[in-house]
Amino acid sequence: VAVTPEQDDVALVQAFRAGDRKAFETLVRRHQKPVWAIANRFARNQHVAEDLAQKAFLLALERIDELRGAFRPWLLRITANLAKNYLRDNARLVQQDPDAEPPESSLGDPLPLPDEAYDSADRQQAVRLAVAGLPERQREVVLLRIDGQLPFAEIGTVLGITENNAKVTFHHAVRKLREALGGRDAVL
Amino acid sequence: MQCCEDRIPALVDAATGELGGAARAELNEHLLHCPACRAELALLQGTTSLLEDTSRTPEDFSLAGFAARTTDRAVTFRDRSVKGLWWSVTRGVRLALSVSGASLAASLALFVLSQRPAIHPAASVVTTPAAATTSADTWESYIPEAVRLVHDSGGGGSGLVPADPVSLDDGLHDLSVDELEQLTLSLSPS
């Protein structure tokens with residue numbers, strides 16, 4: 001079965017089920033970046049991120065019959081759910097990133113680090129902790145918008161809320177992140 | 001200072017680069033007169049930018065081979081699912097065949113049993129005309145027959161052993177010849 005770029009995602013899955021290996025590879029290439037980015041937000045290393053991203057594709061393959069609507073938002077939501085489960089099961093590991101210094105304060109407290117102290121790893125870790133500490137729905141919106149690069153309209157559809165609601169939720173998430181990261185000075 | 005709540009969706013759109021055209025112009029017009037919304041937009045942009053910077057979107061080299069590795073895993077997963085399905089189907093067929101076979105055997109056995117003539121336990125016991133017609137089927141009724149057998153056999157030996165052991169019921173065949181004669185004499189009215 002020849003795979004064209006325009007081929008529908010679901011058709012690619014069906015083609016793969018019928019034995020066309022190339023179809024699934026095309027599907028993965030099409031969506032791998034946002035899936036990988038969501039998986040990588042909390043994963044403690046690239047191996048874990050890759051495992052989570054692969055599991056997202058496998059779950060999509062297994063549950064393709066449950067798909068209603070567009071494929072990509074649905075796939076990204078699956079990935080966000082896997083990330084949530086990973087966070088739940090590895091809360092301690094997420095807070096103790098071996099690649100970065102541990103944060104000086106707990107999740108709820110503002111991080112008193114000045115801008116210049118934010119080197120890449122510190123900043124990464126601080127933001128990771130702050131995002132991990134968001135309420136589930138807010139975290140989901142942030143993951144889907146920033147890492148998944150979905151427009152708010154699609155986020156609303158996949159989460160079963162209105163587009164405006166998705167934007168307001170994002171705004172609430174930003175406020176929480178601002179508090180967690182130590183206010184305006186730390187963020188800007 | 002609180003920004004205007006009704007402007008939040010537009011501010012979020014502006015911060016994330018989704019606002020354009022007339023909506024953008026309208027927001028700009030509002031921002032000229034609303035310092036709270038200007039501050040909010042700046043904060044939204046700053047935080048969004050920080051989130052985007054820390055989004056570890058993989059570079060192309062990180063994703064090298066990812067699609068192939070994922071596909072390998074998917075192929076294994078698919079094949080295992082197919083094998084699992086095949087195993088389930090064949091197991092179901094085997095089970096159905098076993099149940100059918102057992103049912104068939106049970107039906108056959110019942111049929112064969114239903115075709116056998118009825119067995120009356122008394123018929124196998126009755127060996128003498130006297131016994132067959134005697135309503136009081138007690139052990140005493142066998143005594144004359146036992147005595148006859150003893151005499152026919154010349155007082156002992158193998159002639160005592162009846163063709164059908166049940167014909168000498170109630171343990172009489174366990175007695176010796178002498179014991180039977182004693183027993184007969186003791187029971188005789190004369």
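All values below come from the heavy atoms of this structure, side chains included, with hydrogens, waters and symmetry mates left out. Below, chain A is the first sequence line, B the second, and so on; all start at residue 1.
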OG1 on B/Thr47 to CZ on A/Arg178, rounded to 0.5 Å: 5.0 Å
Which bit of A/Phe57 comes within less than 4.5 Å of chain B, counting heavy atoms only: side chain, backbone, both or neither? side chain
At a 4.5 Å cut-off on heavy atoms, which part of A/Arg17 comes close to chain B: side chain, backbone, both, or neither? backbone
Taking B/Arg73 for the side chain and A/Leu58 for the main chain, is one N or O donor matched with an acceptor at less than 3.5 Å? no
Which atom of B/Ala74 lies closest to which atom of A/Phe24, heavy atoms considered: CB-CE2, 3.5 Å
What heavy-atom pair brings B/Leu43 and A/Val174 nearest, and what distance separates the two atoms? O-CG1, 4.5 Å
How many angstroms lie between OG1 in B/Thr16 and NZ in A/Lys167, if you round to the nearest 0.5 Å? 7.5 Å
Sort B/Asp72 into side chain, backbone, both or neither according to what part of it lies under 4.5 angstrom from a heavy atom of chain A. both
CG (A/Leu181) and CG (B/Leu50) are apart, to the nearest 0.5 Å, by 6.0 Å
Value for OG (B/Ser55) from CD (A/Gln124), rounded to nearest 0.5 Å, stands at 8.5 Å
Any side-chain to backbone donor/acceptor pair from A/Arg123 onto B/Asp53? Under 3.5 Å, distance only. no
If you measure from NZ on A/Lys55 to OG1 on B/Thr70, what distance do you get to the nearest 0.5 Å? 12.5 Å
Would you say that more than 12 heavy atoms from the other residues, nucleotides or ligands in this model lie under 6.0 Å from the CD of B/Gln182, or not? no
Within this structure, what is the CZ-CG distance for the pair A/Phe170 and B/Leu11, rounded to the nearest 0.5 Å? 12.0 Å
Toward chain B, the part of A/Ala39 with a non-hydrogen atom under 4.5 Å: neither
Taking every non-hydrogen atom, the tightest pair across A/Leu150 and B/Glu18: O-OE2, 4.3 Å
Minimum heavy-atom distance between B/Arg78 and A/Phe16, given as atom pair plus value: NH1-O, 2.5 Å
Of the listed A/Glu62, A/Gln54, A/Arg175, the one with the largest count of heavy-atom pairs under 4.5 Å with chain B is A/Gln54
Hey, is NE2 on A/His47 packed in by over 12 heavy atoms from elsewhere, all under 6.0 Å? no
Grab the two heavy atoms, one from A/Arg29 and one from B/Ala67, that are nearest each other, plus how far apart they are. CG-CB, 3.7 Å
Of all heavy-atom pairs between A/Arg41 and B/Thr54, which one has the smallest distance, and what is that distance? NH1-OG1, 3.1 Å
